Amino acid sequence: GGGWLTAVAIDPQNENTVYVSGDIMGVFKSTDGGNSFRFINNGLKNLETQAIAIAPKNPNTLYLATTDGVYKSTDGGGNWVLKRNGFPPFSTTRFSAPINALAVDPNNTNIIYAGNGHANGVQTLNRGPIAYGDGTLYKSTDGGENWQLAKTGIDSKATIFKIQVDPSNSQIVYAST
């Protein structure tokens with residue numbers, strides 16, 4: 001069995017460069033407008049991906065939302081590095097940091113938002129159910145190196161599905177739950 005695609009992102013400076021990710025397959029890249037794709041999973045320890053964000057002013061910088069947290073690439077997806085500083089520690093019995101949504105501020109690409117949650121809702125492990133909502137939004141002001149919890153007022157049981165930064169006023173950030 002295959003899985004499904006979870007995200008599509010198109011390079012804002014080159015429409016022929018397309019990235020897709022899936023729930024069990026990691027990331028693929030096309031440089032010919034989607035006619036062919038190749039794996040670009042070097043450095044990913046977890047291939048369960050949920051979202052891709054491209055830095056608008058530097059499209060070689062990509063962010064990937066996974067159940068491990070946020071991965072970053074500075075070479076167009078050639079290599080990925082996990083960026084978890086500020087997220088809760090990993091846990092197999094409690095929500096830790098599956099990221100479901102990402103957004104890069106179009107006016108300051110050092111600012112990235114990551115929304116916690118898991119698109120598949122609640123999963124059950126041998127130890128019982130684990131809820132993957134947490135209604136938390138994290139913000140990085142240094143290109144994903146460090147993350148801080150953002151104050152939002154979002155319900156703690158929510159899953160954040162999409163984040164959008166207002167391009168005319170970066171102080172306004174929308175999150176759908």
Side-chain angles (χ1 to χ4, degrees), residues 3-10 19-27 44-56 61-73 80 82-177:
W4 57 84
L5 294 178
T6 55
V8 176
I10 300 170
Y19 300 90
V20 296
S21 68
D23 69 321
I24 59 172
M25 62 189 100
V27 187
L44 294 180
K45 294 184 180 14
N46 185 330
L47 301 181
E48 187 174 348
T49 62
Q50 298 296 331
I52 304 167
I54 301 174
T61 300
L62 310 169
Y63 298 91
L64 184 65
T66 74
T67 53
D68 283 350
V70 176
Y71 281 86
K72 180 179 181 179
S73 173
W80 297 96
L82 184 60
K83 302 295 183 179
R84 283 191 55 90
N85 191 27
F87 287 117
F90 282 113
S91 173
T92 58
T93 59
R94 188 194 168 301
F95 175 85
S96 59
I99 303 302
N100 198 54
L102 291 168
V104 179
D105 184 327
N107 301 305
N108 181 348
T109 56
N110 282 319
I111 298 176
I112 302 104
Y113 294 91
N116 277 4
H118 194 286
N120 297 329
V122 175
Q123 293 183 352
T124 302
L125 296 179
N126 295 335
R127 292 175 284 287
I130 296 178
Y132 284 109
D134 215 11
T136 52
L137 184 69
Y138 283 84
K139 179 179 181 180
S140 173
T141 58
D142 59 5
E145 295 300 317
N146 298 285
W147 297 89
Q148 304 84 31
L149 192 58
K151 304 232 184 265
T152 64
I154 296 173
D155 186 301
S156 65
K157 295 183 182 108
T159 294
I160 297 174
F161 288 99
K162 181 74 176 161
I163 305 166
Q164 189 70 43
V165 179
D166 187 327
S168 63
N169 182 353
S170 296
Q171 297 301 308
I172 300 173
V173 179
Y174 299 94
S176 67
T177 61

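Bear in mind that the values here come from a model prediction, so they are computed numbers and not experimental data.
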Q | N/O donor-acceptor pair under 3.5 Å between Ser140 side chain and Asn146 backbone | A | yes
Q: Considering non-hydrogen atoms only, spot the tightest contact between Asn107 and Ser170 and give its length.
A: ND2-OG, 2.8 Å
Q: Please report the closest heavy-atom contact between Ala51 and Ala101, naming both atoms and the distance.
A: CB-CA, 4.2 Å
Q: Return yes if a side-chain donor-acceptor contact under 3.5 Å exists between Ser21 and Thr6, otherwise no.
A: yes
**Q.** Criterion side chain to side chain contact (heavy atoms under 4.5 Å, CB included) on Asn110 and Asp142, from CA distance to verdict
**A.** CA-CA 5 Å; Asn110 282 319; Asp142 59 5; 5.8 Å; no
Q.
With a 3.5 Å distance limit and no angle check, can you tell me whether Asp23 reaches the backbone of Trp4 through a side-chain donor-acceptor pair?
A. yes
(Q) For Ile163 versus Gly115, what's the shortest heavy-atom pair and its separation? (A) CD1-N, 3.4 Å
(Q) Using every non-hydrogen atom in the two residues, find where Ala65 and Ile99 come nearest and quote the distance to one decimal. (A) CB-O, 3.4 Å
Q) Are the side chain of Tyr71 and the backbone of Lys45 linked by a donor-acceptor contact shorter than 3.5 Å? A) yes
Q.
To check you understand the geometry: which heavy-atom pair defines the closest contact between Ala175 and Ile160, and what is its length?
A. CB-CG2, 4.2 Å
Q. Would a distance-only check, ignoring hydrogens and angles, find a side-chain to backbone donor-acceptor pair under 3.5 Å from Arg84 to Asp68?
A. yes
Q.
Rounded at 0.5 Å granularity, tell me how far CD1 in Ile154 sits from OG1 in Thr177.
A. 6.5 Å
Q.
Quick check for you: to the nearest 0.5 Å, what is the distance between Gln50 atom CD and Thr159 atom OG1?
A. 10.0 Å
Q: Using the side-chain contact (heavy atoms from CB on, under 4.5 Å) rule, pick out the option among Ile111, Asp166, Ile112, Thr141 that qualifies with Asp105.
A: Ile111
Q: Might you work through the side chain to side chain contact (heavy atoms under 4.5 Å, CB included) test for Leu137 and Asn116, ending with a clear yes or no?
A: CA-CA 6 Å; Leu137 184 69; Asn116 277 4; over 6 Å; no
Q.
How long is the straight-line distance from CG of Asn46 back to CH2 of Trp80, given to the nearest 0.5 Å?
A. 13.5 Å
Q. Which heavy-atom pair separates Lys72 from Gly143 by the least distance, and what is that distance?
A. NZ-O, 2.8 Å
Q: State yes or no: are the ring centers of Tyr138 and Tyr113 separated by less than 6.0 Å?
A: no
Q: Could you please spell out the steps behind the side chain to side chain contact (heavy atoms under 4.5 Å, CB included) verdict for Val70 and Leu102?
A: CA-CA 9 Å; Val70 176; Leu102 291 168; 3.9 Å; yes
Q: Taking atom CD of Glu145 as the centre, report whether more than 12 heavy atoms of other residues, nucleotides or ligands fall under 6.0 Å from it.
A: yes
Q) Which is it for Met25 and Leu47 under the side chain to side chain contact (heavy atoms under 4.5 Å, CB included) test, yes or no, and what are the steps along the way? A) CA-CA 5 Å; Met25 62 189 100; Leu47 301 181; 5.8 Å; no
Q. CD/Glu48 to OG1/Thr66 distance, rounded to the nearest 0.5 angstrom?
A. 8.5 Å
